[in-house]
Amino acid sequence: MTLPAPRHGTGAADPAAPGRELAEPGFWQLPPERRLAAFARLRALDSPVFVPEGPGHWALVRHAQVQEASRLPKVFASAPGVTTPEPARWVRALFGDSMVNLDGADHAQLRKIVQRAFTPRLLAAAEEDIHAVAARIVDDVLTGQPDEFVSAVASRLPLEVICNMMGIPEHYRAEIADRVDHASENIGVERGLAARLRMPGRGLRALARMQRMVARIGRERRKNPTDDLISALVCANVDGQALGTRQLGAFFSLLMVAGVETTRNAITHGLTLLTDHPDQRDLLLSDFEKYADGAVDEMIRHSTPIIQFRRTVAAEHTLGGHLFRPGDKVVLYYASANRDEAVFPDPDAFDITRSPNPHLGFGGGGPHFCLGAHLARVEMKALFRQLLTRPVGLRAVGLPDFAGSNFDNRVRSLKFAFERP
Ligand code: HEM
C-alpha cells in the first residue's frame, strides 16, 4: 500500500513549539531528569505534538494514548518499520523482514511459528539454565574482581541464555557478542559525520555475518534436529510452515537486539536504582522472594529500556483529541507513559512495592507485546538474587555512561564495587 506523504504540524516552523526539543540530538544527551521534565510538560498539553525530526512524527506521551495505539494495529501499523529511520527497502529485501515490522496475517503467522517454539518445556529448561548461568557469572565476579558492570555482568546473562536456548555452539559466541554491539551501537544515537558514514556499514556487515552464521546452523539442524530453539524454529511446521533461512536470520538478529540489549540495560539500570535508593535495596534484601517480582517490574518501569517505537497511520482515527490521517508517523513514547501521573502516583519515585504497576515497558498490549517479557523477568530475578546475596555491599560507583540514544535507554558502561563475602 502506498501512503500519502505525512502532513507537517505547526511545530515544524516554530523553534519554541512544544515537542520541538525531541527532534534535537542534544536533548537525548541531557540528564534523565531534564528529559523526563520535558515529557511531563508534553503530557499536560491537550493533544499530541508534532516533532519535526526527519519526516516528522506525532508524539504519543500519555499512558492511555500509547496503550490505545498499541491495541489498534489496523490503524497504527508497524509496517514499513517501527524504528526511526525505517529500514531501507534493500536492507529488508536482503535481511528479511523482522516480525516487529510486520502487520496482520504476515505478523500473526510468523509469531505463531516463533511462539510455538517458546513452549513451556523449552522455557522450563531455560529457567534452570538461567539460574546456573547467573551463579557462574557471580562466581567469576568474586574471583576476577572486575570493575565494569555492563561487560562483566549485565551483557553476559541475556547473551548466554539466548545462545543456550538457540543452541549456538560455544565457538561462535565471542564473535556474536562483538557483532551484537556493532549491529546496535548506532541505533538512535547522533554522531559526527565521519562516524555516521562509517557506523551503518559496520553495523550492516555485523548483521550480515551474524545471519550467515545462523543460516549455516539452521541448515545443519534441519538435517539433524536437536532439542534447541533453532531446531524447533526450522522444523516448527505450524500450518505446514517453518522458518525459512532468511526468516531465521531476521528472527535471530531481532532476538539479539530485542532480547539482549534490553535486558542488559534493564539489569544495569537496576543496579543504579538499588544503589541510589538504599531503603528499597534494604527492603528487597529483607525478604527477596517476597519483593523481587515487584522490584524487577519497578526497575523496568522506572528505566524503560525501550524508549519508543514508531507506527504509521493506516486509517483515519482520532486519538487524544487529534485527527490522524493515513501516512502520519506516530511515536509511542513508553518512557513518558511510564511516568504518567494519571496512572502512577508519585511517578518519579522508585518504589518496589508499587501495586498495581501497569507499566508499558514491554509494550502497550496488542499483537506485538514483548515475546520475551517472562524470560526477561526470570533472568533479572535470578541475577539479582545472586548479586545481592553473595557479594557483600555490591553497588554502582559514579554515574552510568549513557549512549544518548532516542531509541533505547542504553548504558555503555558502569563502574561497580563490592566486598567479598
Ligand atoms: C527488559 C527486557 C525487555 C524489554 C524492556 C522489552 C521491550 C519490548 C518492547 C517495548 C517491545 C515492543 C512491544 C510492542 O510493540 O507492543 C518488544 C517486542 C519484542 N520483544 Fe522484548 N523486551 C525485553 C526482553 C526481551 C527478551 C528477553 C526477548 C527474547 C528472548 C524479547 C523478544 C521480543 C520480540 C521477539 C519482540 C517482537 C514481538 C512482535 O513483534 O510480535 N524481548 N519488547
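Note that these values count all heavy atoms, side chains included, but never hydrogens, waters or copies made by symmetry. In listed order, ligands and their atoms are each counted from 1.
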Would you mind checking which non-hydrogen protein atom is closest to atom 15 (O) of ligand 1, with the distance to 0.1 Å?
R311 NH2, 2.9 Å

re atom 26 (C) of ligand 1, the protein heavy-atom contact at minimum distance is G259 CA, 3.3 Å

Does ligand 1 have any atom sitting under 4.0 Å from a heavy atom of S70?
no

Measure the distance from atom 25 (C) of ligand 1 to every protein heavy atom, then report the residue, atom name and distance (to 0.1 Å) of the closest one.
A258 O, 3.3 Å

Region of V100 engaging ligand 1 - heavy atom pairs below 4.0 Å:
both

Parallel, tilted or perpendicular: rings of Y334 and F309 (30°, 60°):
perpendicular

Which residue owns the protein heavy atom closest to atom 12 (C) of ligand 1, what's the atom, and how far is it?
F309 CE1, 3.3 Å

Around atom 40 (O) of ligand 1, find the nearest protein heavy atom and jot down its residue, atom name and distance.
H368 ND1, 2.7 Å

Minimum-distance protein heavy atom relative to atom 7 (C) of ligand 1
G361 O, 3.4 Å

Mind checking whether R111 contacts ligand 1 via backbone (N, CA, C, O), side chain (CB onward), both or neither, at a 4.0 Å heavy-atom cut-off?
side chain

Short side-chain donor-acceptor distance under 3.5 Å, D297 and N357
no

Mind checking whether P367 has a heavy atom under 4.0 Å from ligand 1?
yes

Among all protein heavy atoms in this structure, tell me which lies nearest to atom 35 (C) of ligand 1, with the distance rounded to 0.1 Å.
L254 CD2, 3.6 Å

How far does CZ of R111 sit from NE2 of H368, to the nearest 0.5 angstrom?
8.5 Å

For atom 20 (N) of ligand 1, the closest protein heavy atom turns out to be C370 SG, 3.3 Å

Can you say whether the rings of H277 and F350 are parallel (under 30°), tilted (30 to 60°) or perpendicular (over 60°)?
tilted

Side chain, backbone, both or neither: which part of V82 has a heavy atom under 4.0 Å from ligand 1?
neither

Check whether any N or O atom of H107, backbone or side chain, sits under 3.5 Å from an N or O atom of ligand 1, and answer yes or no.
yes

